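Some notes on the structure that comes next.
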Amino acid sequence: MFFSLRHALIWWRGKVLENYATSAGKTLRHRLLDKIFALGPSFVQKRGTGNLVTMNLEGIRRIENYISLFGSKLISILIIPPLILIYAIFLDWKSALTMFLVLPIIITFMILLGKVARNRVTQKYQSYRILANHFVDSLRGLETLKLLGLSTGYAKTVGATSENYRKATIGTLTVAFMSNFALDFFSTISVALIALFLGLRLLDGNLLLAPAITMLILAPEYFAPIREFGGDYHATLDGKKAFDDVQTVLDTTITAKSCAEGNIASWSESTRLVITDVTVGKDCTTGSESQPNRLETFSFSWHGLGKIGVIGASGAGKSTLVELLGGFLNPKSGEIRINDANIPNLRHSDWQKQIIYIPQHPYIFQTTLADNIRFYTPQASDEQVQQAARQAGLDELTAVLPLGLNEMIGEGGRALSGGQEQRVALARAFLDAERPILLFDEPTAHIDIETEYELKKSMLPLMQSRLVFFATHRLHWMREMDWILMLDKGCLVAQGRPEDIFKHSAYQALNDIKKAKKTDV
């Protein structure tokens with residue numbers, strides 16, 4: 001009966017902890033995603049897409065394993081040994097004293113080995129993060145690498161990283177196996193020592209047979225939770241390290257105050273945006289001076305709807321401006337006004353709910369192609385999704401997918417090329433006709449020129465009756481814009497109507513560079 005009761009309690013304990021771990025992991029995953037979205041693209045680029053994806057998927061799973069295993073073993077080690085020791089004192093105090101004195105020695109040895117294992121696991125986890133970044137980046141740029149003839153060289157880089165990860169893993173497993181062997185060895189020696197003393201006392205007639213047999217049965221049970229805790233400690237170190245990394249992201253502070261107070265009206269023809277002497281001199285999400293003066297004393301105003309092109313050489317500040325407008329970056333100084341409201345930054349839910357943001361590297365979620373397109377409009381019908389996919393030029397992709405729009409993509413599903421990912425992001429914009437502000441950050445960067453011209457016919461109607469900021473290095477788009485902002489090294493060097501900017505010396509110099517590099521038509 002007691003044997004059955006014991007195993008029933010163990011099963012119940014495991015079930016409760018498993019449910020708790022799953023619930024805690026789900027909550028932690030939601031918090032992490034919310035934080036990453038709040039910190040914005042600059043933080044993702046700094047930490048690495050592969051790192052954050054690995055943290056959200058594999059890292060959270062390891063944390064769940066850590067909670068369930070560590071919790072159950074901790075409960076056992078806090079309850080079972082003290083109860084057995086108390087019972088043993090009344091049964092045979094000499095054997096109980098031996099058990100009590102041996103336990104601290106085993107715990108001390110566990111601590112020493114634990115420190116070595118922790119250092120090994122930290123090394124392995126760092127290698128795993130690097131490998132994840134290499135893997136995700138290589139998948140994302142595989143087509144480009146092949147076209148440039150660099151795929152073989154990059155494969156060697158991934159191979160070297162994988163080898164470093166293998167060595168770190170083997171080192172960690174070596175320490176874990178050795179520590180488990182040592183714990184088993186000391187526990188067995190302790191039980192053998194107790195058995196020896198019991199046998200000698202039985203021979204001398206100083207102890208009855210029943211207490212001796214009882215102590216011999218209880219001694220292994222006394223040390224068993226310690227041995228299990230030591231073994232699972234190494235198995236859960238990955239989870240503890242993953243939890244520390246997740247907590248680091250959650251603890252990342254946003255230095256500028258969020259403009260949560262007040263309301264921002266929906267953008268219309270009568271709305272006015274005024275940006276005065278804004279400087280984004282550092283990454284305001286982390287406080288590090290990674291790229292000083294990425295935007296310097298930037299001033300701009302706009303009234304109503306229209307298409308605004310943002311051009312400049314690489315590193316001129318185009319993406320920084322788009323991220324500032326999206327509320328992902330906070331200004332170091334300057335003033336932002338929407339109508340009569342003076343706000344510290346654009347990190348405001350009323351503003352961000354009006355935006356469709358298409359970055360250089362759109363995120364593809366682990367779900368169906370249709371659900372990825374429904375990112376802004378989860379209530380959209382299948383017919384609407386199909387129409388948006390057609391407008392974005394996804395017909396060829398859906399034709400070769402076995403399940404069409406219901407095919408799983410993203411992590412664990414079908415991998416997409418950079419151009420296909422960009423088309424999915426465009427389909428999201430085609431599907432949502434309600435949001436009045438479009439932010440494009442190199443939306444056609446991973447699409448060839450011929451395909452871009454095909455999409456252009458569909459994209460231009462998408463921009464009508466909206467406020468559009470279109471950052472690109474392909475200058476032929478500027479002929480379609482109402483206003484052009486030209487940036488150079490974080491400074492606004494020219495702005496005006498296309499016909500005026502085309503005559504500007506800075507634009508002509510940029511156009512000559514593009515022609516020389518054969519990146520435009």
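For reference, positions follow the sequence shown, starting with 1. Not measured: the values here are computed from a predicted model.
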Output all residues satisfying salt bridge (Lys or Arg N to Asp or Glu O under 4.0 Å) with [X], sequence neighbours left out; order by chain, then residue number.
X: D34; answer: none
X: D395; answer: none
X: E480; answer: K456
X: D277; answer: none

Pairwise distance [atom1]([X]) to [atom2]([Y]) - rounded to 0.5 angstrom:
X: Q386; Y: L431; atom1: CD; atom2: CG; value: 12.0 Å
X: L394; Y: L405; atom1: CG; atom2: CG; value: 8.0 Å
X: E421; Y: I364; atom1: CD; atom2: CD1; value: 5.0 Å
X: K307; Y: D482; atom1: NZ; atom2: CG; value: 4.5 Å
X: I60; Y: H30; atom1: CD1; atom2: NE2; value: 10.5 Å
X: N511; Y: H504; atom1: CG; atom2: NE2; value: 14.0 Å

Is the side chain of [X] donor-acceptor paired with the backbone N or O of [Y] at a distance under 3.5 Å, no angle test?
X: E442; Y: H473; value: yes
X: R423; Y: A392; value: yes
X: T472; Y: R474; value: yes
X: S23; Y: Y20; value: no
X: Q420; Y: L416; value: no
X: N19; Y: K15; value: yes

[X] vs [Y] side-chain heavy atoms within contact, under 4.5 Å:
X: I308; Y: V468; value: no
X: Y66; Y: F243; value: no
X: R272; Y: S301; value: yes
X: V310; Y: V322; value: no
X: L28; Y: K26; value: no
X: W267; Y: L305; value: yes
X: I311; Y: L485; value: no
X: M459; Y: F430; value: yes

I'd like to know whether [atom1] of [X] has more than 12 heavy-atom contacts from other residues, nucleotides or ligands below 6.0 angstrom.
X: R390; atom1: CZ; answer: yes
X: E499; atom1: CD; answer: yes
X: R337; atom1: CZ; answer: yes
X: E335; atom1: CD; answer: yes

Note to self: Checking side chain to side chain contact (heavy atoms under 4.5 Å, CB included) between L439 and each of L325, I358, L321, which is the one that passes?
What the structure shows: L325

Next item on the list: Dump the intermediate steps for side chain to side chain contact (heavy atoms under 4.5 Å, CB included) on Q464 and L462, then the final yes or no.
Entry: CA-CA 6 Å; Q464 299 301 320; L462 179 68; over 6 Å; no

Under the side-chain hydrogen bond (donor to acceptor under 3.5 Å, both in side chains) test, which residues partner [X], sequence neighbours left out?
X: D432; answer: R435
X: T271; answer: S268
X: Q384; answer: S381

Notebook entry, point to check: Is the shortest side-chain N to carboxylate O distance from R374 to D382 below 4.0 Å?
Noted result: yes

Check: Run the side chain to side chain contact (heavy atoms under 4.5 Å, CB included) check on R31 and L250 step by step: do they pass?
Finding: CA-CA 8 Å; R31 289 181 58 199; L250 295 178; 3.7 Å; yes

Show the nearest heavy-atom pair for residues [X] and [Y], with the distance to one decimal.
X: R347; Y: L329; value: NH2-N, 4.3 Å
X: V278; Y: P331; value: CG1-CB, 3.6 Å
X: I336; Y: N345; value: CD1-CA, 4.2 Å
X: A427; Y: A388; value: O-CB, 3.5 Å
X: S68; Y: L17; value: O-CD1, 3.7 Å
X: M463; Y: L438; value: CA-CD1, 4.4 Å

Next item on the list: Using the test side chain to side chain contact (heavy atoms under 4.5 Å, CB included), find all partners of S266 that sit at least two apart in sequence or belong to another chain.
Entry: Q354, P436

Next item on the list: Could you tell me which residues satisfy side chain to side chain contact (heavy atoms under 4.5 Å, CB included) with R61, sequence neighbours excluded, listed by chain and number?
Entry: L57, E58

Notebook entry, point to check: After noting the C-alpha distance and the side-chain angles of L295 and L492, does the key distance pass the side chain to side chain contact (heavy atoms under 4.5 Å, CB included) rule?
Noted result: CA-CA 8 Å; L295 273 184; L492 181 63; over 6 Å; no

Next item on the list: Test T368 against D371 for side-chain hydrogen bond (donor to acceptor under 3.5 Å, both in side chains), laying out the working first.
Entry: CA-CA 5 Å; T368 65; D371 286 341; 3.2 Å; yes

What residues, two or more places apart in sequence or in another chain, satisfy ring pair (Phe, Tyr, Trp, His ring centres under 6.0 Å) together with [X]?
X: F375; value: F365
X: F502; value: Y507
X: F470; value: F440, W477

Checklist line | Parallel, tilted or perpendicular, as decided by the 30° and 60° cut-offs, for the rings of F300 and F298 | finding: tilted

Next item on the list: Quick one: do I67 and I63 satisfy side chain to side chain contact (heavy atoms under 4.5 Å, CB included)? Show the steps, please.
Entry: CA-CA 6 Å; I67 293 173; I63 292 173; 4.0 Å; yes

